[in-house]
Amino acid sequence: MSVQLEKKHEKMMEKIHNGEKLESLTEITDEYKDNLLTLLIAQADSELAGAYGYIPWIEGAPNVAEKLVMANIVKDECRHAKAIYDLIDRFGVNTDKLIHEDKMKNRMKVFYEPIKTWADLVMFNFLMDRAAGHQLQDAAECSWGPWSRAMQQIEKEEWMHVKHGETWVRKLANDPNQKPKVQEALDFWFPKVNKVFGKPGTDSNNVFRKFKLKQRDNHEVRQVWYKEIKELLESYGLTVPDISVIESKN
Ligand SMILES: [Fe+2]
Ligand SMILES: [Fe+2]
């Protein structure tokens, strides 16, 4: 490392340790930038893929009010994608190329799973938006100022999606005809959403945390999510898969 680069790194790390936000491209090192871009690109693609998953459910929703809710969630996810792609754009990355040519390269597997029924949709909504909400909480506190600010509004909307999933899963679980379908949807989605948190203690996670681009280990975030969904789903009379069994299979 050159002396100049070392100084830049030290100054940047000092700001990070003091809890200050980094605001300009001139104050960050290439290593920080690369790690930041990895996370931003992953989030932007997930927002877009999330929107695509909900689109068929504007038509598939059971009533007009729900069609509007689905359309609003699609709009929210597209807006989230746009906000994050705008942040990526600042680094001179060709975001059109990312969307059109590089799409699906690293897309999370969960977005390729088919949403077949309304029970499937609301369970996906329940589990996945909550998973995203918890993961994005780390981003809201991150050291990159522009991302941290963009996340404030995104997070609020994400929790509205979570509430929607919660209302519907509870409603279907209370209906004896629907309950088996919701349980089936839970058994289908649980292991898939559980995987989106990633493995515990990875090298990349350690680097993200060093730069305060993430605040917690993957496993810590997963545990918070699991505790919440377990309490809620059990209160609706559903059976939640044992997280340790699922993890040992991976
Ligand atoms: Fe979103
Ligand atoms: Fe969402």
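Atoms within each ligand, like the ligands themselves, are counted from 1 in listed order. We count residues from 1, following the sequence as given.
Salt-bridge formation is not detected for the pair Lys116/Glu184: no Lys NZ or Arg NE/NH1/NH2 atom is positioned less than 4.0 Å from an Asp or Glu carboxylate oxygen.
Residue pairs that meet the side chain to side chain donor-acceptor pair (under 3.5 Å) test with at least one member in residues 143-154, sequence neighbours left out, are Glu23-Arg149, Tyr32-Ser143, Gln43-Trp147, Gln153-Glu157.
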Quiz: residues 49-60 side-chain donor-acceptor pairs under 3.5 angstrom, not counting sequence neighbours:
unit_1: Tyr54; atom_1: OH; unit_2: Asn125; atom_2: ND2; d: 3.4
unit_1: Tyr54; atom_1: OH; unit_2: Asp129; atom_2: OD2; d: 2.5

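Figure legend: cation-pi geometry between Lys192 and Trp189 absent, as NZ or CZ is not positioned both under 6.0 Å from the six-membered ring centre and within 45° of its axis.
Residue Leu68 belongs to no hydrophobic cluster, having no ILVMFWY side-chain heavy atom closer than 4.5 Å to its own.
Listing protein N, O or S atoms at distances below 2.8 Å from the Fe ion (ligand 2), with waters left out, gives Glu77 OE2, Asp129 OD1, Glu158 OE1, His161 ND1.
For Lys181, the NZ atom counts as loosely surrounded, since its 6.0 Å shell holds 12 or fewer non-hydrogen atoms of other residues, nucleotides or ligands.
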